[in-house]
Protein chains: 2
Amino acid sequence: MQDSLSLTFAALADPTRRAMLARLSKGEANVSQLAEPFLKDMSLPAITKHIKVLEKAGLVTKSVEAQYRPCKINQEAFKDVADWMEQYRIFWEESFDRLDAYLKTVVPKKKAKGKKHAVKK
Amino acid sequence: MQDSLSLTFAALADPTRRAMLARLSKGEANVSQLAEPFLKDMSLPAITKHIKVLEKAGLVTKSVEAQYRPCKINQEAFKDVADWMEQYRIFWEESFDRLDAYLKTVVPKKKAKGKKHAVKK
DNA sequence: CTCATAATTAACTAGATAGTTAATTAACGA
DNA sequence: TCGTTAATTAACTATCTAGTTAATTATGAG
C-alpha cells in the first residue's frame with residue numbers, strides 16, 4: 001500500500017475505528033473519551049494505535065491541550081472517498097433502469113482487438 | 001475483521017483492486033481480460049486472489065461461461081458503502097458554513113458527567 | 001486424442017497489522 | 001514535590017496479506 005486512498009480505505013476497514021469516527025462525528029473527543037467504549041475489549045495502547053491509523057489516513061486530526069489530545073474529524077479524507085465513490089454512483093443509486101441504460105452505452109460486447117482474448121459465447 | 005463493511009473497505013484498500021473495479025464499471029470482463037493491465041507487475045494467481053477478495057467483499061460477482069469467468073460489479077456492496085458514507089455527508093459536502101452550524105447543534109462542549117474525564121480548558 | 005488456453009489450487013515466504021504488557025513522558029492538583 | 005491521570009513508546013507475538021512458483025483442472029480447437 002502507500003497511496004492516500006488505500007490508506008484511507010484500510011483505516012475504514014475496522015469496526016473499532018469506524019465507531020471512533022461515529023463518535024467524532026458528534027463532536028471532538030480526547031483519547032480517553034474515545035477509548036472509553038472499548039476499554040473492556042482492548043488496552044489503551046491499542047486505542048492509541050487505532051487513532052494513529054486514522055490520523056495517517058487523514059480521517060482524523062489530533063491536537064494538544066494540556067495533557068489531553070483532542071481529536072476531530074478531518075473532512076479532506078471523507079471528500080476523497082466521496083469523490084472516488086462518485087464514479088460508481090450509477091451502481092449504488094436506486095434506479096435499475098438507468099443502470100441497464102448505462103450498461104448499453106459502454107463496451108457493446110467488445111471484441112478484444114487482437115482476437116486473442118475474445119469472449120466466445 | 002469479519003463484518004461485511006470491513007471486508008468491503010479492506011477490499012477497496014488496494015489500487016490494483018480499485019483499478020479492476022474501474023475496468024468493470026465499463027462492462028463485464030473475464031479473468032484474463034481483468035488481469036491484462038497487471039501482468040507486467042504480478043502473476044495470474046495474484047490476480048485470482050485479488051478477484052477473490054473482491055468477491056468476498058461482495059463488490060464483484062463471477063460466473064462461469066465455458067472456460068471463462070466473466071466478472072461484473074455487484075451493486076449491493078457499493079450501496080452499503082454509500083449508505084455508511086451518508087452519516088458523514090455533512091463533512092464531505094462543500095459547505096463549511098453548514099458544518100459550523102451542525103457542530104453547534106451537537107455536544108455543546110459536554111462536561112462528562114462524573115467530572116472524571118472533564119475536558120478542562 | 002492431444003494441445004493450448006483459462007483459471008484455480010497448493011505450498012510457501014516476507015512483511016504488515018492488531019493486539020499484548022511494561023515502562024516512560026508530561027501535566028495538573030494538592 | 002508527590003501522586004494521579006493522560007497518553008505514548010518499546011518490545012514482542014500471533015495472525016493476516018500479498019505475492020511467488022509449480023502443479024492441476026477444465027474447456028474448446030484441430
Side-chain angles (χ1 to χ4, degrees), chain A residues 1-3 6-20 28-57 60-72 112 114-121, chain B residues 1-3 6-20 28-57 60-72 112 114-121:
Chain A
M1 204 187 320
Q2 33 126 333
D3 68 290
S6 295
L7 276 179
T8 303
F9 279 126
L12 295 177
D14 181 285
T16 301
R17 290 192 291 260
R18 289 197 306 276
M20 288 174 166
E28 281 191 27
N30 61 42
V31 174
S32 35
Q33 289 172 325
L34 267 183
E36 192 268 322
F38 307 107
L39 290 179
K40 56 185 179 314
D41 299 317
M42 70 184 74
S43 67
L44 193 59
I47 301 288
T48 294
K49 286 187 180 185
H50 277 304
I51 295 173
K52 242 187 241 296
V53 171
L54 290 168
E55 281 188 276
K56 292 220 178 92
V60 157
T61 57
K62 196 170 52 179
S63 49
V64 176
E65 216 168 284
Q67 69 269 57
Y68 304 97
R69 300 291 178 271
C71 302
K72 64 176 176 182
K115 89 171 159 193
K116 275 204 158 169
H117 297 290
V119 177
K120 242 355 188 8
K121 158 56 188 296
Chain B
M1 203 188 318
Q2 32 126 337
D3 68 289
S6 295
L7 276 179
T8 302
F9 279 127
L12 294 177
D14 181 286
T16 301
R17 290 192 291 259
R18 290 199 304 278
M20 287 174 166
E28 282 192 26
N30 61 42
V31 173
S32 35
Q33 288 172 327
L34 267 183
E36 192 268 321
F38 306 107
L39 290 180
K40 57 185 178 313
D41 299 317
M42 70 184 74
S43 67
L44 192 59
I47 301 289
T48 293
K49 285 188 181 187
H50 278 303
I51 295 174
K52 242 188 240 295
V53 171
L54 290 168
E55 282 187 274
K56 291 220 178 93
V60 158
T61 57
K62 196 170 52 179
S63 49
V64 176
E65 215 167 286
Q67 69 268 57
Y68 303 98
R69 299 291 179 272
C71 302
K72 63 176 177 181
K115 89 170 158 195
K116 276 204 159 169
H117 296 289
V119 177
K120 242 350 187 14
K121 158 51 186 298

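Every chain is numbered from 1 and lettered A, B, ... according to where its sequence line falls, protein lines coming before strand lines.
Rounded to a whole Å, the CD atom of Q2(B) is 14 Å from the P atom of dA18(C). Here the P atom of nucleotide dA18(D) and the NE2 atom of H50(B) are 7 Å apart, to the nearest Å. The CD1-P distance, from I51(A) to dG19(C), rounds to 13 Å in whole Å. The separation between F9(A) atom CZ and dT17(C) atom P is 16 Å, rounded to whole Å. Between the CD atom of Q67(B) and the C1' atom of dA4(C) there is a distance of 10 Å, given to the nearest Å. Taking atom CD1 on I47(A) and atom P on dG19(C), their separation rounds to 8 Å, with Å as the unit. A straight line from CD of E55(B) to P of dA7(C) spans 12 Å, rounded to a whole angstrom. L44(B) places its CG atom 17 Å from the P atom of dT25(D), with the value rounded to the nearest Å.
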Could you run down the sub-3.5 Å N/O contacts of the protein with nucleotides 9-12 of chain C?
unit_1, atom_1, unit_2, atom_2, d
dT9(C), OP2, K52(B), NZ, 2.7

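Between F9(B) and R18(A), the closest side-chain pair of non-hydrogen atoms falls below 4.5 Å. Between R17(A) and L12(A) the shortest side-chain heavy-atom distance does not fall below 4.5 Å.
OP1 and OP2 of dG19(D) both lie 4.0 Å or more from every side-chain N or O belonging to S43(B). Between S32(A) and the phosphate of dT5(D), there is no side-chain N or O to OP1/OP2 separation shorter than 4.0 Å. Under 4.0 angstrom from either OP1 or OP2 of dA18(D) there lies at least one side-chain N or O belonging to R17(B). N30(B) has a side-chain polar atom (N or O) that falls below the 4.0 Å cut-off from OP1 or OP2 of dA7(C).
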Report the C-alpha distance between M42(B) and T16(B) in whole Å, list the side-chain angles of each, state the deciding distance to 0.1 Å, and finish with yes or no for side-chain contact (heavy atoms from CB on, under 4.5 Å).
-> CA-CA 10 Å; M42(B) 70 184 74; T16(B) 301; 3.6 Å; yes

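Under the side-chain hydrogen bond (donor to acceptor under 3.5 Å, both in side chains) criterion, Q67(A) pairs with no residue, sequence neighbours left out. Take K62(A) and apply the side-chain hydrogen bond (donor to acceptor under 3.5 Å, both in side chains) test, not counting sequence neighbours, and it matches E55(A).
Counting only distance, with no hydrogens or angles, the side chain of E36(B) and the backbone of Q33(B) share no donor-acceptor pair below 3.5 Å.
Between M20(B) and I47(B), the shortest heavy-atom distance links the atoms CE-CG2, 3.6 Å.
A66(A) comes within 4.0 angstrom of sugar-phosphate atoms only, judged by non-hydrogen atoms across all strands, and of no base.
The side chain of M42(A) has dT20(C) as its nearest neighbour among dA7(C), dA6(D), dT20(C).
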